[in-house]
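Structure first, commentary second.
The sequence lines fix the lettering, A, B, ..., with proteins before strands; numbering per chain opens at 1. Predicted, not measured: the structure shown is a model, and the values here were computed from it.
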Protein chains: 2
Amino acid sequence: MQKNKISSAVVRRLPKYFRFLTNLENEGVEKISSKQLSEITGFTASQIRQDLNHFGGFGQQGYGYRVTELKNSIADIIGLNKEYNVVIVGFGRIGRAIYQYKGFDTKKFNVIGVFDLEEGTYDEGKIEIKSIDKLESFLEKNDVDIVVLGVPKNEAQKICDMISGKNVKGIWNFAPTNVEVEGDVAIENIHLSESLYSLIFYMSNPEHY
Amino acid sequence: MQKNKISSAVVRRLPKYFRFLTNLENEGVEKISSKQLSEITGFTASQIRQDLNHFGGFGQQGYGYRVTELKNSIADIIGLNKEYNVVIVGFGRIGRAIYQYKGFDTKKFNVIGVFDLEEGTYDEGKIEIKSIDKLESFLEKNDVDIVVLGVPKNEAQKICDMISGKNVKGIWNFAPTNVEVEGDVAIENIHLSESLYSLIFYMSNPEHY
DNA sequence: TAGATTGTTAATCGATTAACAATC
DNA sequence: TAGATTGTTAATCGATTAACAATC
């Protein structure tokens with residue numbers, strides 16, 4: 001019954017399509033062809049059509065795609081029209097940066113808890129930081145969708161062990177280590193130093209860039 | 001004369017090899033086979049050998065690889081044994097997080113300048129924040145290898161236009177937009193919302209995870 | 001020498017690109 | 001209708017995996 005898995009290459013392009021289409025919408029563009037989208041995104045027109053057709057036919061032959069309609073369809077596919085309860089674990093530099101990140105719609109991403117080794121408050125008492133000791137019971141009592149992991153690498157796996165069986169659906173991991181969690185939990189890693197090291201590789205080896 | 005380009009898939013695995021080998025070294029492990037490394041990393045033994053052999057033969061038939069030696073070789077390949085002068089442009093949440101990020105060796109990454117719209121100081125006067133107006137002349141007078149872009153998306157391309165022709169070798173871009181720069185400059189993007197959106201896609205569509 | 005494991009070539013698999021029939 | 005552009009199948013390309021000879 002299960003359809004073929006969407007390859008991760010396609011999944012990584014979906015947010016890019018969403019971003020470019022949002023820009024086009026803001027510029028007031030109403031229609032776009034795969035050829036035009038190709039020029040903007042750098043992907044081939046063929047690839048764009050292939051990608052979209054994994055999820056359905058959003059275009060009109062001879063015409064192209066309606067920008068707003070396609071943008072909204074992609075938002076639905078990704079799941080951007082739902083709300084998510086988020087907990088930030090580890091309130092160091094990265095946890096704080098994520099807390100205040102303005103890049104995504106904060107109506108959809110409710111940070112309902114912030115945890116760190118040290119209890120306390122932050123931002124003139126506006127943020128209550130709870131002890132990590134209380135994370136497990138918090139996850140049991142609240143409907144947490146996403147855990148943002150901003151703890152040191154030694155702590156990351158311990159937190160993930162707490163998470164399994166708590167109905168958490170995704171982990172956004174900033175710790176520089178691979179974590180595992182039991183059950184149906186998606187994990188997305190941001191490994192900053194790996195990204196920097198890739199950059200340095202290309203700087204050191206420009207013939208491969 | 002130019003050899004075949006190393007594929008980006010390989011380049012992205014190099015920092016992972018480096019990370020796992022560093023861990024192994026710290027644990028006191030002296031030798032490792034591609035099969036053992038496969039179990040640790042999740043890559044196939046075949047792939048690991050293929051990847052390494054793009055850069056030379058680092059192993060010994062019948063024996064395996066010496067951990068420290070291989071780790072050092074990979075560091076050399078990536079370019080981790082050199083020093084880099086870094087400038088941070090945009091000192092908001094992300095710029096600050098990167099400034100204080102402890103994940104990479106700060107001896108090798110000298111932050112020699114921090115720029116923002118507003119001049120000032122930070123961290124009890126320890127950090128001087130210069131006006132972005134002065135960035136261009138700073139780049140001319142100093143040998144800057146890497147520019148970290150932590151500005152809003154509308155500003156990002158303007159900064160990149162300043163950068164071309166200034167001997168900058170790499171841009172680490174955190175702005176949620178694609179930037180371009182003339183000349184032989186490597187660009188590495190960290191698109192936080194795209195990463196989050198991928199996570200949400202898999203949360204919403206677990207059958208594709 | 002025998003066993004182990006690399007380095008490397010060949011086979012397979014999957015993703016991208018090209019082509020074109022369908023159709024607006 | 002003619003022109004344009006999608007949706008989709010087929011061809012190509014590149015990356016991964018398998019196999020094995022080389023050799024420590």
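Checked by atom type and distance alone, the side chain of B/Thr44 pairs as donor or acceptor with a backbone atom of B/Gln47 at under 3.5 Å. Side chain of A/Ser8 to main chain of A/Val11: no donor-acceptor pair is present (N/O by atom type, distance under 3.5 Å, no hydrogens or angles).
The closest side-chain donor-acceptor pair between A/Ser198 and B/Glu188, if any, does not fall under 3.5 angstrom. Inspection of the B/Tyr17 and B/Asp51 side chains reveals an N or O donor paired with an N or O acceptor under 3.5 Å. No side-chain N or O of B/Glu27 forms a donor-acceptor pair with one of B/Asn23 less than 3.5 Å apart. In this structure, a donor-acceptor pair under 3.5 Å is present between the side chains of A/Asn81 and A/Asp76. A donor atom on one side chain and an acceptor atom on the other are not found under 3.5 Å apart for B/Lys16 and B/Thr41.
Note that A/Arg66 lies in the cation-pi zone of A/Tyr63, set by a 6.0 Å cut-off to the ring centre and a 45° limit from the axis.
Within residues 8-27 of chain B, no residue approaches DNA chain C, by heavy-atom distance under 4.0 Å.
Between the OH atom of B/Tyr63 and the C1' atom of C/dA4 there is a distance of 13 Å, given to the nearest Å. Remark: P of C/dT5 and CZ of B/Phe58 are 20 Å apart, rounded to the nearest angstrom. One can place CZ of B/Phe43 at 10 Å from P of D/dT16, the figure rounded to the nearest angstrom.
Annotation: of the two residues near DNA chain C, A/Thr44 and B/Asn53, the 5′-most nearest-nucleotide partner is B/Asn53.
Note: B/Phe58 and B/Tyr65 fail the aromatic proximity criterion, with ring centroids not under 6.0 Å apart.
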query: Would B/Trp172 and B/Val86 satisfy side chain to side chain contact (heavy atoms under 4.5 Å, CB included), going step by step from the backbone distance to the final call?
result: CA-CA 10 Å; B/Trp172 202 18; B/Val86 178; over 6 Å; no

task: Report the secondary structure of DNA chain C in dot-bracket form, marking unpaired bases with a dot and bases paired to a different strand with |, and treating Watson-Crick or G-U pairs with both distances under 3.5 Å as paired.
output: ..||||||||||||||||||||||

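Scanning atom types as modelled, one donor and one acceptor separated by under 3.5 angstrom connect the side chain of B/Gln50 and the base of D/dT17.
Salt bridge absent: B/Lys5 and A/Glu207 never bring a charged side-chain N and a carboxylate O closer than 4.0 Å.
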Are there any protein N/O atoms within less than 3.5 Å of an N/O atom in nucleotides 19-21 of chain C, and if so, which ones and at what distance?
residue	atom	partner	partner atom	Å
C/dA19	N6	A/Arg49	NH2	3.2

